[in-house]
Every structure is written in C-alpha cells, then in structure tokens.
Amino acid sequence: MSQLIESVNIECVNAPTLIAPKGHYSHCITANGLAFISGQLPVDKLGNAITNASFQEQTALVLANLQACLNSVNCDKTHLVQVRVYIANMENWPLFNQIYAKWIGEHRPARAVAGVSELHFGAALEIEAIAVSV
C-alpha cells in the first residue's frame, strides 16, 4: 500500500450478504471516519438484475442492498449524511419519496435526486450514499 493510503486508513469492504462486485469497485470504502457506498441497483443476492419488477419492488431491493452495505461497515440509517438517488423516470419521484421516507424514518440526511435517461441493466433507480462510520 502507498504511504498515503496507510496514513488515511482506507479499507475496501464488500457486504457479505450481497454478491461480490463484478466490476472494478467495492461495495463500500471507509476512510477517515466516513463510509462511501457505491451505487446500489435492484440486484438480488445471486447477482440477478430484477428490472422487470415494479418500481416499488425495485426500490425495496435497492434500499435492502444499501442497508446490507451499511451493515457491512457497522452503520445504520442514522449514520447516513448524504444520499444520491438516480431515477430513470421522474414520474416515479413522489412514489420514491414516500417509500424512502417510510424506510429512513425521522432521520433526514442531505439528499440529491437526479433524473437520468438510463441506468445499468435498465434499472428504474440507483442509490449511492455517504455515512459516518463507527
């Protein structure tokens, strides 16, 4: 490891309940008290993209994958400080906000929502996040 990486204590972490990433990335990176969570798609634990499901089902799966990543770095939803949401159809925004609010409860991290023209596998949404690690 380079001296810089050792001095900031960077650790690559993959959620043990999710399939290992197939690309050149980790589910999470922890560094200097923060956990950076890679974009989570509606992919099941076997690595199958579940993009033919309803928006609600895809959202539930993405949030479950985000939760698995948080768990892998000993965090929970209340540790989230930033959430970025990419939605392929902004007409789903009100429904997403309703599902997300129920999932996250009273905690209100900073958030950005972006409408995008396309996501990998034809997914309806993708979520990435930053949390304070413990």
Side-chain angles (χ1 to χ4, degrees):
M1 258 186 206
S2 74
Q3 188 175 20
L4 175 62
I5 290 175
E6 289 174 5
S7 69
V8 295
N9 194 25
I10 295 174
E11 182 180 2
C12 300
V13 179
N14 287 320
T17 59
L18 301 179
I19 192 165
K22 293 181 181 180
H24 193 75
Y25 67 97
S26 298
H27 291 142
C28 310
I29 295 288
T30 59
N32 287 351
L34 293 174
F36 300 87
I37 301 170
S38 293
Q40 297 301 305
L41 292 163
V43 175
D44 69 15
K45 294 176 184 189
L46 300 175
N48 301 308
I50 310 299
T51 56
N52 59 344
S54 70
F55 182 80
Q56 296 92 317
E57 292 168 312
Q58 288 189 53
T59 302
L61 184 52
V62 169
L63 292 172
N65 291 345
L66 177 58
Q67 184 66 60
C69 290
L70 288 168
N71 293 346
S72 74
V73 291
N74 299 313
C75 292
D76 63 36
K77 296 175 239 183
T78 64
H79 293 102
L80 289 168
V81 294
Q82 170 73 49
V83 177
R84 291 183 193 98
V85 183
Y86 306 96
I87 296 180
N89 181 347
M90 285 304 286
E91 289 181 14
N92 287 319
W93 161 241
L95 181 56
F96 170 79
N97 196 51
Q98 180 183 32
I99 295 166
Y100 175 83
K102 184 176 180 181
W103 176 77
I104 202 158
E106 294 300 315
H107 185 57
R108 293 177 180 246
R111 185 174 73 184
V113 177
V116 297
S117 63
E118 186 176 8
L119 290 165
H120 193 46
F121 304 122
L125 75 157
E126 180 173 355
I127 300 176
E128 65 175 322
I130 301 170
V132 175
S133 61
V134 291

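Owing to the predicted nature of the structure, the values given are computational and were not obtained by experimental measurement.
- You'll find the side chain of Glu126 stays beyond 4.5 Å of the side chain of Gln40, heavy atoms only.
- Distance alone, capped at 3.5 Å, is enough to place a donor-acceptor pair between the Gln58 side chain and the Ala124 backbone.
- The backbone N or O of Ile29 lies less than 3.5 Å from no partner atom in the side chain of Ser26, so there is not a single donor-acceptor pair.
- Between Ile50 and Val43 there is no side-chain heavy-atom pair separated by less than 4.5 Å.
- Contact of the Ser133 side chain with the His79 side chain is not registered, since no non-hydrogen atoms from C-beta on lie closer than 4.5 Å.
- Of the possible donor and acceptor atoms, one in the side chain of Asn65 sits under 3.5 Å from a partner among the backbone N and O of Leu41.
- Looking at heavy atoms from C-beta onward, Phe36 lies in side-chain contact with Leu34 at the 4.5 angstrom threshold.
- Put simply, the side chain of Pro21 reaches to within 4.5 Å of the side chain of His27, judged on heavy atoms.
- A search for ring-ring contact (aromatic ring centres under 6.0 Å, His included) contacts involving Tyr100 returns Phe96, not counting sequence neighbours.
- A 4.5 Å side-chain heavy-atom check between Phe55 and Asn89 finds every atom pair outside the cut-off.
- In this structure the side chain of Ile10 never reaches within 4.5 angstrom of the side chain of Thr30, judged on heavy atoms.
- Counting heavy atoms from C-beta on, the side chains of Ser38 and Cys28 never come closer than 4.5 Å.
- Looking only at atom types and distance, the side chain of Thr59 has no donor-acceptor partner in the side chain of Gln56 under 3.5 Å away.
- Judged by distance alone, the side chain of Lys45 and the main-chain N or O of Ile19 form no donor-acceptor pair under 3.5 Å.
- Following chains of ILVMFWY side-chain contacts shorter than 4.5 Å, one can reach Val62 starting from Leu95, so the two form part of one hydrophobic cluster.
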